[in-house]
Amino acid sequence: MRNYALDFETYYDAVCSVVTLGIHHYTRHTEFDAYLLTVCGDDGFEYCGRPEDLDWSLISGEGTRWVHHNASFDAHILYWLRETGKIPVTAEPDEWRCTADMCAYFGYPRSLAGAVGYLFGLKPDKSVRDKMKNRRFEDLNAADNLELLRYAIDDARLCLKLWTELSPRYPWAEQVLSTHTAMMGWDGLPMDVDGLDAGISHVGDLIWNAEQNIPWREDSPTLSPKALAIECRNVGIEPPKSLAKDSEECAAWEDKYGEQYPWINAMRTYRRCNALKKKMETMRIRIKDDGRMAFGLKFFGGHTGRWSGDSGANLQNLPRGEMFGVNLRNLIRCKPGRTFVVCDLAQIEPRVLAWLANDEKLLESLRNGFGVYTAFARANNLWQGETDSLKKDDAALYQFCKASVLGLGYMVGPNKFTLMAPQLTGGAFTPTLAEAETIVAEYRRRNTAVTGLWQRLENVIRRSAMKDLTIELPSGRTMTWRKVTSIGGYSCETMRGGRYVRSKVYAGMITENITQATARDVLAWQMLELLKLGHDIVLHVHDEIVIECDESAAEAVKATMIEIMSTTPPWLPGLVLGAEADITRHYTK
DNA sequence: CGCTGCTGCGCG
DNA sequence: AAAGCGCGCAGCAGCG
């Protein structure tokens, strides 16, 4: 296989930019121009010039692979170049890959400058590109022109270097998923455009109404905590320190003054409505000429390997149901004759934790067909029923088990548990602090498989002082927590938002990380199985896969999804998974 | 004005 | 000794 790194330089300004317009409308903007292409091949081939002037046959066709740093961007530029006839339709490789995704997979910084700085100690000068804002290639003087060409060819060379050095250890399955992620994003999702417009207008009205209850709206930012404090003191009362939903102090303030001074309620309504409206507006702009909304998903966005949201509108945190009269999920809607099949994994993380902790009693109950919460009740001798009927036989115990399973496996303490339990059970289980103390202690006494895992991880942390902590996951993937130190309590560095961030490291955190990472690997494995069968995965969210298909095929697709998503990967033998699927024309939860 | 850090809030 | 974790985006505030 001959590898070619490709890199585009494109015109951008404040309006004509990928950030504001999204990739589709950016390339279609009248000001848009892909003015420079650099190519660097491992056969010695190099090119630097306008994309129209390259003899594309030299780098296309059988036996060629194109690599890009941020391939979803470049691939869309290429798509546009072919569509508009600027380059031949045959300008296509056998395979294309993204080196930014690959860097993220290995836990290196995602940006090119960050990655080559970390790996090779190089410091590419990004200011050259930053200077190109609002400027056109034709307008550059000779010196600036040369500087830009140097910068651009360097980028392509570095991209190729990254690929050459790292790709031998980059699993094929991850490569396929990375490429799929980009394609999925620009195919996008079918939208109810009229419904979206109606939603934007409706929520706009609610925002206006909320603002009328904010006395400082003319003089200060609507959500300014300072303005709120001044207003409170003006009427002789103390403002709450925090406006958070779960702040007890704030709740007390609301009870006492909320009726007379509806400011905090108005601020909350304003904030939530405004965020919802902004999101809908971003989604509106992302709708392409074919009526589908392009979106971004970041491959390996989290250091655990999870995909994360990207490109303006995050599709991984859509409200679950109706919010302020708008059901945003339902606005993602198939055209007649088409449908979504949505399949969810049932409680994937506690099941994975049971496997990682080698919790034989719990796994045994799972194998016998019990759900996780019921299995927990049985393993703890809290319930002896022979069928999976705990939920209706003893609803209170069920909620107790649900809160325990979801919270206590990661070392949650009594204080936190009193806050988490109601949240996890929809308010059905609200232990006092004293009760929580007993529950936590009892959990740790009885669930020795989990506490044993904590103990082993605690030892690993200690042994990793002054080093990197690495753990090989069941899938074979290695996770790394960098630069562990014991100074001021154990801490380490993990990649967060594209940079290394130091945070405390303890067994509960590692337990959660490897559980989340393994759950991610399970979903990734299942996605690959579905892709191999030719299914069209149009979205996925941590424990859920969405396939779009013809209505006539929906039942068969549903059966396949349930079968594959109930199957444990070969590297997690003995784990029992559960999956539930729905056929639905509009996206829903 | 852009950048950074923080809070709040949506999801898993 | 004890410690939930993982994201992205909007908006505010401080800095230069």
Side-chain angles (χ1 to χ4, degrees), chain A residues 14 19 130 133 207 220-228 241-247 250 264 267-279 281-283 295-298 300-321 323-324 328-329 344-345 347-350 353 403-417 419-421 423-424 437 440-441 444 450 454 457-458 461 479 489-491 494-499 501 503-517 519-520 523 540-544 589:
Chain A
V19 177
D130 295 340
K133 184 173 177 180
I207 291 171
S220 303
T222 320
L223 298 177
S224 167
K226 283 175 86 177
L228 170 70
K241 283 189 193 65
S242 156
L243 298 184
K245 258 181 168 175
D246 57 3
S247 157
C250 188
I264 290 182
M267 287 169 81
R268 283 177 173 156
T269 305
Y270 176 89
R271 185 199 299 276
R272 294 171 69 208
C273 283
N274 196 43
L276 180 62
K277 180 160 169 273
K278 290 279 183 205
K279 186 155 191 159
E281 285 169 346
T282 305
M283 289 169 75
F295 66 96
L297 220 52
K298 208 183 280 168
F300 244 83
H303 79 100
T304 57
R306 275 186 171 185
W307 281 259
S308 69
D310 196 17
S311 315
N314 181 358
L315 292 200
Q316 292 192 326
N317 69 347
L318 295 174
R320 295 183 64 133
M323 193 168 144
F324 297 110
L328 197 41
R329 284 180 198 241
D344 278 61
L345 287 169
Q347 311 94 25
I348 179 66
E349 288 199 9
L353 175 59
S404 302
V405 165
L406 295 177
L408 300 182
Y410 309 125
M411 282 181 98
V412 172
N415 278 308
K416 200 75 171 198
F417 189 69
L419 296 175
M420 285 178 73
Q423 207 190 329
L424 293 168
E437 278 166 2
V440 169
R444 294 180 186 180
V450 172
W454 295 349
L457 291 173
E458 203 66 64
I461 292 168
M479 263 191 97
Y490 283 85
S491 66
T494 51
M495 182 60 63
R496 221 173 284 194
R499 76 182 81 195
V501 177
S503 53
K504 287 198 166 185
V505 57
Y506 56 96
M509 179 255 215
I510 303 287
T511 303
E512 203 290 333
N513 282 184
I514 59 178
T515 304
Q516 188 181 105
R520 176 272 182 202
L523 195 83
H540 51 91
V541 186
H542 309 311
D543 65 352
E544 166 192 351
K589 186 74 193 176

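Quick note on labels: first sequence line is chain A, next is B, and so on, each numbered from 1.
Residue-level contact check: S311(A) touches the backbone only, with heavy atoms under 4.0 Å from sugar-phosphate atoms and none from bases. Residue contacts for G489(A): at a heavy-atom cut-off of 4.0 Å it reaches no nucleic acid atom on any strand shown. In this structure, Q423(A) reaches neither bases nor backbone, as no heavy-atom distance under 4.0 Å exists between it and the strands shown. The residue G508(A) sits apart from the nucleic acid: no heavy atom pair falls under 4.0 Å. G413(A) comes within contact range of the sugar-phosphate backbone alone, with a heavy-atom separation under 4.0 Å but no base atom that close. Residue contacts shown for T222(A) are limited to sugar-phosphate atoms, with no base heavy atom under 4.0 Å away.
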Show me the protein contacts with nucleotides 13-16 of chain C, counting only N or O atoms at under 3.5 Å.
residue, atom, partner, partner atom, Å
dA13(C), OP1, S224(A), OG, 2.6

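When all heavy atoms of E349(A) and T515(A) are compared, the closest pair comes out as O-CG2, 3.2 Å. In this structure, M509(A) and S503(A) approach most closely via the heavy-atom pair CE-OG, 4.1 Å.
A salt bridge between E544(A) and R320(A) is absent, with no side-chain N of the basic residue lying under 4.0 Å from a carboxylate O of the acidic one.
What separates CZ of F417(A) from P of dA2(C) is a distance of 17 Å, to the nearest Å. Rounded to whole Å, atom P of dC9(C) lies 15 Å from atom CG of L328(A). In this structure, L424(A) atom CG and dG4(C) atom C1' are separated by 10 Å, rounded to whole Å. Atom CZ of F300(A) is separated from atom P of dC7(C) by 11 Å (rounded to the nearest Å). Between the CE atom of M420(A) and the C1' atom of dC5(C) there is a distance of 9 Å, rounded to whole Å. Going from atom CD of E281(A) over to atom P of dA10(C) covers 10 Å, rounded to whole Å. Summarising the geometry, the separation between CD1 on I510(A) and P on dA3(C) is reported as 17 Å, rounded to the nearest angstrom. The nearest whole Å value for the distance from the CE atom in M495(A) to the P atom in dC7(C) is 11 Å.
Looking at heavy atoms from C-beta onward, W307(A) lies in side-chain contact with R520(A) at the 4.5 angstrom threshold. For the pair R306(A)/H542(A), a side-chain contact is recorded, criterion being any heavy-atom separation below 4.5 Å from C-beta on. Counting heavy atoms from C-beta on, the side chains of M411(A) and T511(A) never come closer than 4.5 Å. With a 4.5 Å cut-off on side-chain heavy atoms, N317(A) and K279(A) count as touching.
Under a cut-off of 6.0 angstrom, the local environment of NZ in K589(A) is crowded, with over 12 non-hydrogen atoms contributed by other residues, nucleotides or ligands.
Along DNA chain C, the nucleotide nearest to K504(A) and the one nearest to G309(A) differ in position, and the one closer to the 5' end is contacted by K504(A).
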side-chain contact (heavy atoms from CB on, under 4.5 Å) between V541(A) and L318(A), intermediate numbers included: CA-CA 10 Å; V541(A) 186; L318(A) 295 174; over 6 Å; no

Audit row: L328(A), M283(A), side-chain contact (heavy atoms from CB on, under 4.5 Å) steps and yes/no: CA-CA 10 Å; L328(A) 197 41; M283(A) 289 169 75; 4.0 Å; yes

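Centre separation under 5.5 Å together with a plane angle under 30° holds for the ring of Y506(A) and the six-membered base ring of dA3(C), marking them as stacked.
When atom types are taken as modelled, the side chain of W454(A) and the backbone of Y410(A) share no donor-acceptor pair closer than 3.5 angstrom. Panel note: side chain R329(A), backbone P319(A); a donor-acceptor pair is recorded below 3.5 Å.
In this structure, K416(A) does not reach the dA3(C) phosphate: none of its side-chain N or O atoms is under 4.0 Å from OP1 or OP2.
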Protein-to-nucleotide contact annotation, 5' to 3' order, nucleotides 5-12 of chain B [B base; S sugar-phosphate only; - none; under 4.0 Å, heavy atom]: S--SSBSB

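When base pairs are accepted only as Watson-Crick or G-U wobble with both N-N or N-O distances under 3.5 Å, DNA chain C takes part in stems of 3 or more pairs at B:1-12 with C:5-16.
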